[in-house]
Amino acid sequence: MKHVVLFLIAISFFGCKKNNTIYSEQPNDNYQCNTNLLLQDLSLNQLTYKFDSIIIQQLATKNAPDATGAMSNNIGNYFHVRFQMGIAPVAKFTVRSQNITALEQTIRSIEYSFQHQWPNGNFDLVIPTGVTYPIPTVVDSASGVSFFLSSLGTGLASLQESSWYNAPGLIAYKNRIEILRPKIEKALQWLISKKDVLEQSDVNAPNRLLFDALAFYSIGKWLNNNTAISIGKNFARMAISKKSGKGYFVELNGWDSSYQGVSISIGFNLFSMLDMSDPLKQELWDCLSCATNWQKSRILSTGEISTKGNTRVYIGGEQFLGQPKTVAWISTMEGFFCMSYFTQNNDYYTIANKVKTFYY
């Protein structure tokens, strides 16, 4: 019971943001790309265990579902399966803490998601009353399902790797996911049928290409679907090709320090799932190492992430569901922590904590 209370009432510092309109100094616009040596390879769960347990718990708390399994914008009234993207952080906390309550929440959020699946594998899209949203297209559906499957696949990979989860005593929980295997397969097959749509719509959005890569690869690996695995690798290589010589991923013909953080964080999740013998492993490492070092050039001495020169997220920039987008500092923090663990370089650990402290 103690674990239940601690998980449910933990106060998340991730909900707090500081104003990012005043810069303490100028970012380094002349930074040139450089890469680091990979000093230790870490699987998905090994990487999770490197993080401070409080951070893993806070991320899970921030993304926790309600009693029905609904997450984020689905709480209250279902909107779309893309808002079930909290599955991965809750699953990672589940494995890290071996917490039965968190396991129940993970599984319930997956079950909830597939309650809204169509016979063809796609999912309901129900725009809430009062929400300004353009007429949905096949691109919206495909992207939303890709976002969802990227988180679901990461969560399933974390559970699959866990000896605790696979112990005989938890077979009843595992069976609840196994029952959903045909529905997960159907969702993957539907997304495969929309591969060309995603390639065309996401060609100039490397962060989306990495979400696509993670979705296809992680679900494909869980289902032993070689076609999906191959598609995922192709999307990853498309994203790699969108990295500029300086190190930033090109978003709308320029850089964006917010989406850069997202790309790095998603990329490291994918990287941790790849086998060392896979040629893509080194390609992705060189890309993410360079990209993380460019992101370091956007971190001011205070820990603030500069949005100077951004093409998408800045004051007066893009909006989502009528709200201005804010800098994805959690993704940037995660990226620097990952970099510190893979390179065994404490400088990245210090930067990660500096970012966390600024936005706390």
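This is a predicted model, so every value here is computed, not measured. Any value given below was found using the heavy atoms of this structure, including those in side chains, with hydrogens, waters and symmetry copies removed.
Counting heavy atoms from C-beta on, the side chains of Ile299 and Ile351 come closer than 4.5 Å. Looking only at side-chain heavy atoms (C-beta outward), Lys62 and Ile330 come within less than 4.5 Å of each other.
In this structure, Lys281 satisfies the cation-pi test against Phe271, with its NZ or CZ atom closer than 6.0 Å to the six-membered ring centre and inside 45 degrees of the ring normal. In this structure, Arg181 satisfies the cation-pi test against Trp222, with its NZ or CZ atom closer than 6.0 Å to the six-membered ring centre and inside 45 degrees of the ring normal.
Across Val90 and Ala60, no two heavy atoms sit closer than the pair CG2-O, 3.8 Å. The two residues Ala239 and Pro206 make their nearest non-hydrogen contact at CB-O, 4.0 Å. Between Thr154 and Leu44 the shortest heavy-atom distance is O-CD2, 3.5 Å. The heavy-atom pair separating Glu178 from Pro182 by the smallest distance is O-CD, 4.0 Å. Closest heavy-atom contact between Met273 and Ser218: SD-CB, 3.8 Å. Here the closest heavy-atom approach between residue Cys290 and residue Gly247 is recorded as SG-CA, 3.4 Å.
In this pair, Tyr359 and Trp329 present their aromatic rings parallel. The plane angle is below 30°, not in the 30 to 60° band.
With a 6.0 Å radius and a threshold of 12 heavy atoms from other residues, nucleotides or ligands, Asn77 has its CG atom at or below the threshold. Environment of CG in Asn253: sparse, with no more than 12 heavy atoms of neighbouring residues, nucleotides or ligands closer than 6.0 Å.
Residues Val197 and Leu209 fall into different hydrophobic clusters, defined by Ile, Leu, Val, Met, Phe, Trp and Tyr side chains chained together at heavy-atom separations under 4.5 Å. Leu180 and Trp118 fall into different hydrophobic clusters, where Ile, Leu, Val, Met, Phe, Trp and Tyr are joined by side-chain heavy atoms under 4.5 Å apart, directly or via other members. By the rule that hydrophobic residues join a cluster once side-chain heavy atoms approach within less than 4.5 Å of another member, Phe79 and Ile75 end up as members of separate clusters. Cluster membership check: Tyr217 shares its hydrophobic cluster with Val262, using side-chain heavy-atom separations under 4.5 Å among Ile, Leu, Val, Met, Phe, Trp and Tyr. Placement of Leu156 and Trp164 within a single hydrophobic cluster is found when ILVMFWY residues are connected by side-chain heavy-atom separations under 4.5 Å, directly or transitively.
For Tyr348 and Tyr341, the ring centers sit 6.0 Å or farther from each other. Here Tyr259 and Phe249 keep their ring centres 6.0 angstrom or further from each other. Taking the six-membered ring for Trp and the full ring otherwise, the centers of Phe51 and Phe337 sit less than 6.0 Å from each other. For an aromatic pair to be called close, the ring centres must be under 6.0 Å apart, and Tyr78 with Phe83 fails this. In this structure, Phe123 has its ring center under 6.0 Å from that of Phe148.
Between the CE atom of Met238 and the CG atom of Asn204 there is a distance of 9.0 Å, given to the nearest 0.5 Å. Annotation: the span from Asn293 atom CG to Asn34 atom CG amounts to 4.5 Å, rounded to 0.5 Å. To the nearest 0.5 angstrom, Ser72 atom OG is 13.0 Å from His80 atom NE2. The line from OG1 of Thr332 to NZ of Lys296 is 14.0 Å long, rounded to the nearest 0.5 Å.
One N or O on the side chain of Ser193 and one on the backbone of Trp190 form a donor-acceptor pair closer than 3.5 Å. A distance-only check finds a donor-acceptor pair linking the side chain of Gln46 to the backbone of Ser43 [under 3.5 Å].
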*Passes salt bridge (Lys or Arg N to Asp or Glu O under 4.0 Å), Glu104 versus Arg176? Steps please.*
CA-CA 10 Å; Glu104 174 63 33; Arg176 286 166 63 185; 2.8 Å; yes
*asked:* side chain to side chain contact (heavy atoms under 4.5 Å, CB included), that's the test. Do Gln295 and Ile305 meet it? Break it down for me.
replied: CA-CA 9 Å; Gln295 186 73 345; Ile305 303 169; 4.2 Å; yes
*With side chain to side chain contact (heavy atoms under 4.5 Å, CB included) as the test, would you mind laying out the steps for Ile266 and Asn207 before giving the verdict?*
CA-CA 8 Å; Ile266 295 301; Asn207 76 92; over 6 Å; no
*Check against ring pair (Phe, Tyr, Trp, His ring centres under 6.0 Å), Tyr349 and Phe336*: CA-CA 6 Å; Tyr349 188 89; Phe336 283 126; over 10 Å; no
*asked:* Set out, in order, the CA-CA distance, both residues' side-chain angles and the distance that settles side chain to side chain contact (heavy atoms under 4.5 Å, CB included) for Phe211 and Leu149, then state yes or no.
replied: CA-CA 9 Å; Phe211 274 115; Leu149 290 184; over 6 Å; no
*Please walk me through it: do Asp140 and Thr137 pass side chain to side chain donor-acceptor pair (under 3.5 Å)?*
CA-CA 5 Å; Asp140 295 315; Thr137 66; 3.2 Å; yes
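Classification of Glu283 and Lys233 as a salt-bridged pair fails, no side-chain N sitting under 4.0 Å from a carboxylate O.
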